[in-house]
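Counting from 1, the numbers follow the sequence of the chain as shown. Atoms within a ligand are numbered from 1 in the order they appear, just like the ligands themselves. In this text the structure is predicted, and so the values were computed from the model without any measurement.
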Amino acid sequence: MGPSEAVLQVFSGTVPRHFFVDSCLSTSDPIPSSKYHIKYIKKRVSTNMQRLACSTLLQSCVGGTYRFHGLGSGSFGNMTIRRSWLWSCKCQQSESVSGRSTEDVNGTWFLDNAKKLNTINGVVNGPNVLEFQDIQQTNQEKEVWTSNGANGTVRDDFQKTSVDSIENEAWDILRDSVVYYCGSPIGTIAANDPTSSNVLNYDQVFIRDFIPSGIAFLLKGEYDIVRNFILHTLQLQSWEKTMDCHSPGQGLMPASFKVRTVPLDGDDSATEEILDPDFGEAAIGRVAPVDSGLWWIILLRAYGKCSGDLSVQERVDVQTGIKMILRLCLADGFDMFPTLLVTDGSCMIDRRMGIHGHPLEIQALFYSALLCAREMLAPDDGSADLIRALNNRLLALSFHIREYYWIDLKKLNEIYRYKTEEYSYDAVNKFNIYPDQISSWLVEWMPNKGGYLIGNLQPAHMDFRFFSLGNLWSIVSSLATINQSHAILDLIESKWADLVADMPLKICYPALEGMEWQIITGSDPKNTPWSYHNAGSWPTLLWQLTVACIKMNRPDIAAKAVEIAEKQISRDKWPEYYDTKRAKFIGKQAHLYQTWSIAGYLVAKLLLADPGKAKMLITEEDSELVNAFSSILSSNPKKKRSRKNSKQTYIV
Ligand code: GLC
């Protein structure tokens with residue numbers, strides 16, 4: 001029995017069997033066979049006319065009235081864009097894409113309503129991880145109050161009022177950032193900065209930026225905007241996209257889109273709205289948004305969990321969308337590793353920062369999306385191969401990351417003593433890492449207690465930088481083991497001054513400096529050391545920190561970070577990011593009123609107040625996956641002729 005058979009056996013029957021209904025075609029006919037799906041997918045990806053037919057099919061599902069427009073070809077700089085068709089909506093006839101309202105669904109999914117934030121605040125005030133400066137500041141605040149003769153209750157009331165007003169302000173700005181399409185809310189723009197003349201593409205709806213907005217709305221019981229976002233972005237997935245005549249894979253989701261008002265075809269006196277996506281063909285650096293489709297799947301599951309409305313994920317077009325993303329990610333290539341191979345700038349860090357290859361952030365999102373998709377995919381004959389491939393990948397991916405990306409003091413010492421140039425199946429130093437790569441900062445920085453997943457792993461290359469989002473989402477998705485997850489949080493606590501400092505949270509640590517910065521970023525003036533992607537601090541990361549802390553039952557860490565952010569984020573006008581080692585300055589080129597800074601803060605607050613709701617984002621450790629490890633190891637013939645310690649000799 002080969003490894004994949006072993007996995008198959010272990011996983012057989014994991015996906016619940018139930019019929020799903022094609023709401024586009026009929027409300028009663030179950031989808032009968034795999035043939036239908038194959039035909040349907042082909043339709044979506046072939047000619048424009050076929051796509052037109054398919055879209056006509058889709059429009060009745062979505063509720064708006066869509067028409068296709070031939071826009072011909074255009075030449076923009078060195079790029080030819082053949083946007084043959086634009087989704088458009090005749091506003092006069094549009095209906096909203098209505099979802100279930102708060103009243104419809106009563107949060108049945110959340111069984112355990114956990115403690116409120118006040119309780120958490122009560123627990124977290126120990127000064128152990130606060131820096132001297134913060135303690136001083138707190139003391140000064142206390143003195144002011146004492147000298148004014150105010151007692152504790154008045155101060156608490158004052159603090160509560162000011163925190164409430166920050167939250168109210170955040171909600172107002174978040175609502176102001178909502179973008180409408182044919183009268184229905186469909187997303188939020190990236191930033192609403194009235195002081196900036198250089199808007200760039202920050203007036204667009206970014207897929208990744210909308211995730212915290214979407215979660216905030218879900219937590220408020222406002223489901224329509226999320227439902228609309230999911231369904232409209234799905235339509236953009238089958239867009240014809242080319243750069244210099246080359247088309248990327250069909251499952252690709254755009255990085256962002258814009259609602260444009262254009263003259264109505266054949267009628268100069270009227271206008272209509274169209275959705276105009278950017279798949280990276282206009283983005284600075286022409287980066288492919290690999291994370292978009294992964295986030296889309298994660299949000300789709302969260303929508304179902306939170307609203308109780310599973311009809312969206314059960315729709316045939318949504319099922320097809322999930323499969324297209326999966327097929328793109330699971331396609332065979334030349335790669336030896338189970339990790340997803342991507343170019344630099346394919347995620348939140350969307351410009352050159354030396355993260356090409358197998359960056360942790362993409363791997364964590366990939367793993368999370370695979371688990372979410374497995375939960376949502378309706379089993380049918382046509383998807384058996386896909387589910388098998390998905391299960392195999394989940395297993396290989398978690399093994400690879402847990403084994404080879406993990407470092408702590410002990411592992412560092414092992415690497416330090418690595419032999420190199422080992423040719424064999426049972427090599428200890430599989431990737432031929434030269435111990436000289438261990439930088440001096442790392443030896444100083446690694447705490448006695450704690451550890452983390454490194455940023456990237458390639459032959460003869462370990463990127464030892466700490467990347468926050470990748471580590472946090474590895475906790476959330478259970479890509480990291482329970483021990484590793486706790487160790488990551490231990491490290492965040494012990495490196496608080498570096499990672500949280502005056503504004504949570506550093507996007508990565510440490511910064512690239514000097515020659516390294518020149519070579520790796522291409523001397524990028526926006527990514528100078530301790531700025532922007534190069535170890536700048538991003539308040540939006542508060543929400544992922546909060547979900548990770550709640551999952552590990554350590555919400556006090558997140559609550560403390562939120563408290564720090566609260567001290568100045570509103571006063572600073574909700575910047576996109578902060579600069580300097582301690583996050584002292586508002587980022588050099590940071591946009592103000594950045595939507596995901598606002599939404600990230602709100603999600604953190606809402607989840608801390610009701611931690612049970614974090615479940616919509618969390619995927620628990622899969623016991624079948626754990627069991628499958630041993631099956632795989634015992635059925636791997638290569639392992640049998642190698643060393644006794646099976647874990648170290650498994651060839652991925
Ligand atoms: C920056 C960020 C990217 C974000 C975009 C819009 O380019 O790097 O992650 O999506 O701004 O806010």
Side-chain angles (χ1 to χ4, degrees), residues 173-174 177-179 187-193 196 198-216 229 233 252-258 277-296 298-299 342-356 359-362 364-365 467-470 472-473 505-508 511-512 521 524-528 531-544 573-579 586-601 603:
I173 310 172
L174 182 61
S177 75
V178 171
V179 172
T188 49
I189 53 169
N192 208 352
D193 182 356
S196 173
N198 191 10
V199 177
L200 295 171
N201 50 355
Y202 282 71
D203 60 349
Q204 304 207 4
V205 180
F206 277 75
I207 308 301
R208 73 175 73 86
D209 292 42
F210 179 73
I211 306 304
S213 298
I215 304 295
F229 172 88
T233 46
L252 191 68
M253 282 280 188
S256 60
F257 66 86
K258 196 173 163 64
D278 178 7
F279 289 88
E281 74 270 26
I284 297 165
R286 305 293 188 257
V287 282
V290 178
D291 62 341
S292 290
L294 306 174
W295 277 124
W296 182 86
I298 293 166
L299 184 67
V342 298
T343 57
D344 221 343
S346 54
C347 52
M348 176 186 183
I349 296 179
D350 58 0
R351 48 206 287 147
R352 217 176 128 189
M353 265 296 291
I355 58 163
H356 53 278
L360 179 66
E361 176 179 331
I362 288 291
L365 293 175
F467 286 85
S468 296
L469 180 48
L472 295 173
W473 213 258
L505 191 66
K506 281 253 156 50
I507 195 166
C508 64
L512 298 169
T521 71
D524 183 349
K526 202 165 174 186
N527 271 335
T528 50
S531 178
Y532 199 46
H533 300 140
N534 192 6
S537 298
W538 292 66
T540 187
L541 292 169
L542 268 179
W543 78 269
Q544 287 106 340
K573 305 193 176 71
W574 308 93
E576 181 185 12
Y577 63 96
Y578 285 75
D579 286 356
I586 295 171
K588 221 182 324 181
Q589 295 185 42
H591 287 255
L592 302 181
Y593 301 104
Q594 179 81 15
T595 307
W596 70 352
S597 299
I598 295 158
Y601 164 78
V603 171

Given Y577, W538, F206, F210, which one has a non-hydrogen atom that is nearest to atom 5 (C) of ligand 1?
F206
Which of parallel (below 30°), tilted (30 to 60°) and perpendicular (above 60°) describes Y577 and Y532?
tilted
What is the minimum heavy-atom distance between L512 and N534, and which atoms define it?
N-OD1, 2.7 Å
For E576, take its heavy atoms, then give the atoms of ligand 1 lying under 4.0 Å from any of them.
1 (C), 11 (O)
Among residues two or more places apart or on two chains, list those pairs meeting side-chain hydrogen bond (donor to acceptor under 3.5 Å, both in side chains) that have a residue in residues 202-214.
T188-S213, Y202-E576, D203-K258, Q204-S256, R208-D291
Ligand 1 versus Y532, non-hydrogen atoms closer than 4.0 Å: side chain, backbone, both, neither?
side chain
Residue from W596, W473, F210 passing ring-ring contact (aromatic ring centres under 6.0 Å, His included) with W295:
W473
So, do W574 and Y601 have ring centers that fall under 6.0 Å from each other?
yes
Shortest non-hydrogen contact between I586 and P575, atoms and distance:
CG2-CB, 3.8 Å
Any atom of ligand 1 sitting under 4.0 Å from a heavy atom of H533?
yes
With sequence neighbours left out, write down each residue that passes salt bridge (Lys or Arg N to Asp or Glu O under 4.0 Å) with D524, or none if nothing qualifies.
R351
4.0 Å heavy-atom contact, H591 with ligand 1:
no
M348 neighbourhood, listing ligand 1 atoms whose heavy-atom distance to it stays under 4.0 Å
2 (C), 3 (C), 8 (O), 9 (O)
Below 4.0 angstrom from a heavy atom of D209, which ligand 1 atoms are there? Numbered from 1 as shown, please.
4 (C), 6 (C), 10 (O), 12 (O)
Among all protein heavy atoms in this structure, tell me which lies nearest to atom 7 (O) of ligand 1, with the distance rounded to 0.1 Å.
D350 OD2, 2.7 Å
For ligand 1, which atoms have a heavy atom of Q594 less than 4.0 angstrom away?
12 (O)
Value for OG (S531) from CD (Q589), rounded to nearest 0.5 Å, stands at 7.5 Å
So which protein heavy atom does atom 11 (O) of ligand 1 come closest to, and at what separation?
Y202 OH, 3.1 Å
Can you confirm, on distance only, whether ligand 1 has an N/O atom lying under 3.5 Å from any N/O atom belonging to W596?
no
